[in-house]
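To start, the structure under review is shown below, and the notes come after it.
All heavy atoms count here, side chains included; hydrogens, waters and symmetry mates do not. The chains referred to below are lettered A, B, ... by the order of the sequence lines, with proteins before strands, and numbering in each begins at 1.
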Amino acid sequence: MQWILSGDPPIRPNNCLWCCVCFLVMAMIQFSRTQTSLFSLLRLLSPFYRHKVSRRSMASDAATRFDFLVIGGGSGGLAGARRAAELGATATVIESHKLGGTCVNVGCVPKKVMWNTAVHAEFLHDHSDYGFDIGNVQFNWETIKAKRDAYVSRLNHIYRNNLDKTYNNKRKAKIETIQGHARFTNDPEPTVEVNGKKYTAPHILIATGGYPSLLSDNDVPGANHGITSDGFFELESLPKRSVIVGAGYIAVEMAGILSTLGSKTSVICRQTGVLRNFDAFISTNCTKELQNSGIELWKNTQVKSVSKKDNGLLEVTLVTKDQEKKNDEEKINTIQEVDCLLWAIGREPNTSGLNLSQVGVDIDERGFIIVDEFQNTTRKGIYAVGDVCGKALLTPVAIAAGRKLAHRLFEGKKDAKVDYSNIPSVVFSHPPIGSVGLTEEEAIKSRGKENVKSYKKSFTPMYHAITTRKTQCIMKMVCVGKEEKVVGLHMQGIGCDEMLQGFAVAIKMGATKADFDNTIAIHPTSSEEFVTMR
Amino acid sequence: MHTFSCVSYCIISLILEIKWQGVWFVTGTFDYDLVVIGGGSGGLACSKEGKCLSTKWGIGGTCVNVGCIPKKLMHQAALLGTALKDAQKYGWQVPGPISHDWRTMAEAVQNHIRSLNWGHRVQLQDKKVTYLNMKGRLVDEHTVQGLSKTGKETTLTAKNIVIATGGRPKYPTHVPGAIEHSITSDDIFWLKESPGKTLVVGASYVALECAGFLTGLGLDTTVMVRSVPLRGFDQQMAGLVTDYMEAYGTKFCWKSVPKRVAKLSCGKLQVTWTDRQTGQDQQDSFDSVLWAIGRAPETKTLNLEKVGIKLNKESGKILVGADESTSVPNIYAFGDIGEGRPELTPTAIKAGKLLARRLTGQSSELMNYDNVATTVFTPLEYGCVGLSEEEAESRHGKDSIEVYHAFYKPLEFTVAERDGSHCYIKVVCERGGDQRILGLHFTGPNAGEVTQGFAMGFRCGATMNHLKETVGIHPTCAEELTKVNISKRSGLDPTVTGC
């Protein structure tokens with residue numbers, strides 16, 4: 001019920017803001033000293049008895065007590081709750097919106113569906129080269145939008161079922177889900193309040209995720225006419241003219257999908273290329289591929305203002321200035337008749353409304369929750385995982401962190417923690433990018449230029465042997481030291497999305513260049529080029 | 001200072017890996033330090049400065065001409081056929097009916113092969129390799145005689161001789177009409193016209209790959225299987241591969257053996273076969289019959305036994321040692337022609353390089369033939385490395401292994417409303433200790449690309465924990481391998497739900 005409220009029918013077209021809001025989840029705890037000591041005593045008693053008592057305590061202002069209270073039903077929170085329950089804890093998930101979080105609703109999953117849709121557009125260029133006679137192909141956005149939404153709903157249900165069937169082995173109880181916003185109370189022991197009821201637990205996990213940043217009208221006049229990646233998933237038709245602001249992976253993915261599906265697309269980036277925090281080899285290549293595919297790239301450019309015309313379309317005014325050239329004059333340009341202005345300028349944590357300062361959970365200057373390597377916040381008994389911590393904003397990382405935490409808290413595995421090094425990730429650009437470990441620049445910085453050796457390869461994948469359309473596959477291996485330990489692997493090309501995972505296992509194991517050389521190739525693939533590099 | 005290599009089979013990109021240090025060689029009374037008979041993957045990788053003789057195919061061998069390269073391209077064409085159906089589910093309105101023109105595809109594939117042949121010739125020239133388009137035969141342990149197409153003979157002597165002439169598809173010996181009226185994988189890629197309704201005899205990976213792409217291109221295709229599919233591979237995985245093919249339109253005649261092939265007046269081929277289960281004979285007519293019942297070595301014209309090279313009587317392959325040596329001290333053999341060797345391009349290339357290094361004294365490293373990863377490019381690709389479940393059981397005992405498995409649904413299948421019930425992962429590992437991985441199996445899209453990296457982890461000694469400790473890449477199929485956690489022994493449902 002609550003999520004319908006928070007997911008209110010859009011009042012204005014740019015309802016992404018509302019989506020951000022709906023991901024907010026809040027918490028609170030209320031407890032008198034006597035109750036605290038009573039509970040401490042009861043906790044020593046049998047689980048059965050304890051459970052019964054906690055049921056009884058639901059009355060009025062007494063807080064309902066669980067072993068593990070999770071705020072946020074996204075990837076990290078659900079994984080943590082389920083693992084905790086499997087390990088015997090009573091766990092509860094508080095979610096204000098749909099289960100599944102960013103990944104399922106407005107992230108990885110619908111994004112990948114759209115990427116797959118776009119990949120078909122690329123295949124359609126190649127069909128005739130491979131002998132297929134196809135006539136004039138038309139694209140219908142409504143079809144894929146409906147299918148995608150249906151699939152996401154199915155996943156929401158699957159998540160619900162997964163929670164329902166994750167039985168606590170000792171108590172034969174399922175994980176409870178509380179629909180609503182959580183807010184920390186000012187009780188002495190960490191307590192959250194949801195819909196006027198109080199809940200507490202010795203272990204409370206904040207896994208509320210994040211939302212895409214949006215500039216205010218004060219920053220850029222008319223900025224509000226734009227949408228974010230959240231709004232992208234609500235578009236009811238394919239925009240004719242798209243402007244994507246940003247140079248990170250979300251900007252690259254959104255621009256790639258829109259352009260490949262047939263929208264005239266421009267990317268506005270402040271510097272000279274996209275993916276500036278990736279290895280320069282990848283950054284340069286991706287920028288090139290983006291332009292080759294027909295995307296208009298505005299370098300050294302920012303949006304100055306946005307105005308909505310009578311026909312409902314936007315006029316986006318840009319200012320371009322090469323920062324390197326001191327005497328370079330600002331150039332002003334406009335893009336007319338824009339029906340999709342998408343801000344992809346970063347993500348922010350979902351913390352406002354949680355009342356974090358009340359319980360002494362510190363945040364950094366960007367608002368992300370500060371945690372140590374064990375996901376502990378600055379308040380004992382409160383933990384945080386996933387995007388809300390601002391580090392490695394990736395679903396599998398949040399899942400791993402949630403599970404490790406559960407093992408640490410409920411299985412006594414004191415050292416359980418996520419290793420944040422060598423996390424592989426893929427950008428679903430055209431073609432896709434895979435990356436794990438250090439960039440060459442990072443390796444040189446930490447190990448010194450003389451200790452770093454890189455191997456590179458660039459080729460046209462065999463798929464294109466008989467196609468008129470071509471893409472390149474580029475690969476780079478960064479090695480350090482005499483033993484040539486592989487510390488980074490970077491790639492862009494067809495199949496790189498599926499190629500990286502196995503190599504990531506080997507790199508995690510400490511593989512050297514010699515290990516790559518000693519592996520027999522699988523022929524004919526693109527990935528075999530990694531084991532035949534010289 | 002020359003070495004000499006007569007062509008027969010496979011790849012070239014890795015040609016001339018070895019820096020031969022010419023000065024180390026004192027050829028004495030021989031023309032060459034080394035003669036390599038066979039210009040395929042292995043032969044080319046082994047040779048440096050030499051001459052090549054080419055047989056039926058252009059330089060590059062089976063892989064380039066009648067193997068890996070054309071089959072992968074035709075597999076790719078078939079995948080595009082499937083993609084065209086999926087596209088409609090993704091909102092692409094494709095005006096039907098969709099037709100495929102064999103001639104367009106085949107010409108493109110053949111042109112690509114010719115460009116590779118040419119590229120190889122140029123590379124050989126660049127590396128000062130003398131290329132002789134001749135058929136080689138041994139005269140004695142140091143002498144090779146080459147016979148050109150025009151009948152010109154050339155005699156060369158060498159200190160060492162390496163035989164890497166590969167193999168060719170077999171025809172049956174007791175099926176009347178088979179040789180006259182049928183084709184093999186040597187022909188299929190070079191057909192100018194569509195093979196039409198096709199019967200593929202055999203259930204080797206070659207048979208299933210050919211049947212798979214023919215079906216994908218819209219042809220009525222039947223596979224005739226005598227016993228089991230993909231012999232030597234994990235049989236559960238093999239079953240998933242053939243189940244998927246059946247679900248996507250390939251017909252299977254199980255437990256059947258062909259009896260005769262007759263050409264009808266209409267030009268069709270009438271095939272009679274016996275159903276081994278019922279003992280009944282059955283008949284149907286086809287436009288083409290393709291035999292894929294195994295491969296035989298190219299040794300007959302080499303005159304091997306006369307110079308004392310021992311062969312396996314049954315397979316006809318050369319008996320080889322761990323260092324690729326034959327029963328004649330200065331003659332070596334590797335690649336498809338070696339008894340017990342995997343018939344794979346990359347192993348031939350690697351073995352060729354290592355042999356060359358040993359012969360030049362640069363290294364003493366032997367080829368490690370264990371745990372070679374491979375991928376079968378059937379419509380649902382199957383990649384694997386290490387032991388099958390059956391093999392792990394027989395070597396280690398059922399109680400000493402743990403098998404983790406998962407049925408997963410690729411994200412690309414969901415919107416396309418495709419049946420994903422054949423997409424499966426199996427990790428066979430030791431039950432005790434760190435649970436070292438013994439075998440890793442994967443069916444699904446892009447299995448070739450997925451498997452390579454895991455094969456490397458496997459080679460480094462990966463355990464179940466290494467898989468679990470690696471963060472997944474979401475959403476991909478490959479990440480499922482890092483998430484697999486249900487053991488067969490537990491009896492729990494291995495179906496993956498959610499992210």
Side-chain angles (χ1 to χ4, degrees), chain A residues 75 103 108-109 112-113 116-117 120 123 127 129-141 143-144 147 151 158-159 162 395-397 400 423-426 462-463 465-466 495 497-506 508-509 511 515-516 518-528, chain B residues 14 68-69 72-73 76-77 80 83-84 87 90-95 98-102 104-105 108-109 112 345-347 350 372-375 411-412 414-415 446 448-457 459-460 462 466-467 469-479 481 497-499:
Chain A
S75 307
C103 169
C108 328
V109 171
K112 178 91 187 268
V113 169
N116 283 333
T117 310
H120 280 291
F123 287 160
H127 274 101
D129 292 326
Y130 271 94
F132 289 94
D133 181 23
I134 50 168
N136 192 20
V137 179
Q138 299 283 319
F139 177 62
N140 185 312
W141 177 281
T143 306
I144 188 60
K147 289 228 174 187
Y151 177 56
I158 288 173
Y159 276 83
N162 280 349
T395 292
V397 176
I423 293 170
S425 70
V426 162
M462 205 179 84
Y463 171 84
I466 62 174
D497 47 338
E498 294 292 353
M499 198 186 293
L500 177 63
Q501 187 75 71
F503 290 111
V505 173
K508 191 134 187 110
M509 292 171 69
D515 291 322
F516 275 77
N518 286 332
T519 303
I520 309 266
I522 298 177
H523 188 63
T525 60
S526 287
S527 53
E528 68 179 311
Chain B
L14 295 163
C68 322
I69 303 292
K72 181 87 189 277
L73 286 171
Q76 199 61 62
L80 283 173
L84 214 39
Y90 276 96
W92 294 95
Q93 291 155 345
V94 184
I98 298 155
S99 62
H100 181 261
D101 182 41
W102 176 277
T104 305
M105 174 194 70
V109 169
H112 177 61
T345 293
T347 49
K350 185 110 192 168
V372 172
T374 190
T375 295
L411 184 56
E412 46 268 55
T414 55
V415 169
N446 291 308
E449 305 296 357
V450 171
T451 310
Q452 184 73 74
F454 287 97
M456 204 195 132
R459 190 141 196 122
C460 297
H466 288 123
L467 288 187
E469 288 297 314
T470 303
V471 174
I473 303 168
H474 191 60
T476 62
C477 295
E479 71 172 322
L481 273 159
T497 56
C499 289

Carefully, step by step, assess A:N518 and B:K350 under the rule side-chain contact (heavy atoms from CB on, under 4.5 Å).
CA-CA 9 Å; A:N518 286 332; B:K350 185 110 192 168; 4.3 Å; yes

Based on non-hydrogen pairs under 4.5 Å, which of A:T117, A:V113, A:I466, A:L500 is most in contact with chain B?
A:T117

Proximity breakdown for B:L481 and chain A, heavy-atom pairs closer than 4.5 Å
neither

How many angstroms lie between CD in A:E528 and OG1 in B:T451, if you round to the nearest 0.5 Å?
12.5 Å

Report yes if some heavy atom in the side chain of A:Y130 is under 4.5 Å from a heavy atom in the side chain of B:L73; otherwise report no.
yes

Quick check on the interface: out of B:V94, B:I98, B:T414, who has the most heavy-atom pairs with chain A under 4.5 Å?
B:T414

Among B:L411, B:L467, B:T104, B:V109, which residue has the highest count of heavy-atom pairs closer than 4.5 Å to chain A?
B:L411

Would you call B:V471 and A:P424 a side-chain contact if the rule is heavy atoms closer than 4.5 Å?
yes

Looking only at heavy atoms, which two atoms of A:A511 and B:M456 are closest? And how far apart?
CB-CE, 3.5 Å

Separation of B:Q93 CD from A:N140 CG (nearest 0.5 Å)
5.0 Å

May I ask you to test the B:H474-A:V109 pair for a side-chain heavy-atom distance under 4.5 Å?
yes

Interface check, chain A: of B:C477, B:P475, B:A83, most non-hydrogen pairs under 4.5 Å belong to B:P475

Is A:I134 close to chain B through its backbone or its side chain, or both, or neither, when contacts mean heavy atoms under 4.5 Å?
side chain

Closest approach of A:P396 and B:G472, non-hydrogen atoms and distance?
CG-O, 3.2 Å

For the side chain of B:E449 and the backbone of A:S526, is there at least one donor-acceptor N/O pair under 3.5 Å apart?
yes

Per-residue contact mode, A:F139 against chain B (heavy atom under 4.5 angstrom)
both

Contact check, side chains of B:I69 and A:H523, non-hydrogen atoms, under 4.5 Å:
yes

Max heavy-atom pair count under 4.5 Å with chain A, selected residue of B:G457, B:G91, B:A462:
B:G91

Examine whether an atom of B:H112 lies under 4.5 Å from a heavy atom of chain A, and if so say whether it belongs to the side chain, the backbone or both; otherwise answer neither.
side chain

State, yes or no, whether a side-chain contact exists between A:D133 and B:D101 at a heavy-atom distance under 4.5 Å.
no

Measure across B:Q452 and A:S527 and return the closest heavy-atom pair with its distance rounded to 0.1 Å.
CB-OG, 3.1 Å

Going by heavy atoms in the side chains, are B:L84 and A:F123 under 4.5 Å from each other?
no

Minimum heavy-atom separation for A:P524 and B:K72, please, with both atom names.
O-NZ, 2.8 Å

With a 4.5 angstrom heavy-atom cut-off, which part of A:N136 approaches chain B: side chain, backbone, both or neither?
backbone

Check for a donor-acceptor pair, side chain of A:H127 on one end and backbone N or O of B:L80 on the other, with a separation under 3.5 Å.
yes

Student check: side-chain heavy atoms of A:D515 and B:R459 closer than 4.5 Å
no

Residue from A:I423, A:T143, A:V137 scoring the most non-hydrogen pairs under 4.5 Å with chain B is A:V137

Among A:K147, A:H120, A:K112, which has the most heavy-atom pairs under 4.5 Å with chain B?
A:H120

Evaluate the side-chain proximity of B:I473 to A:D497: yes if any heavy-atom separation is below 4.5 Å, no if none is.
no

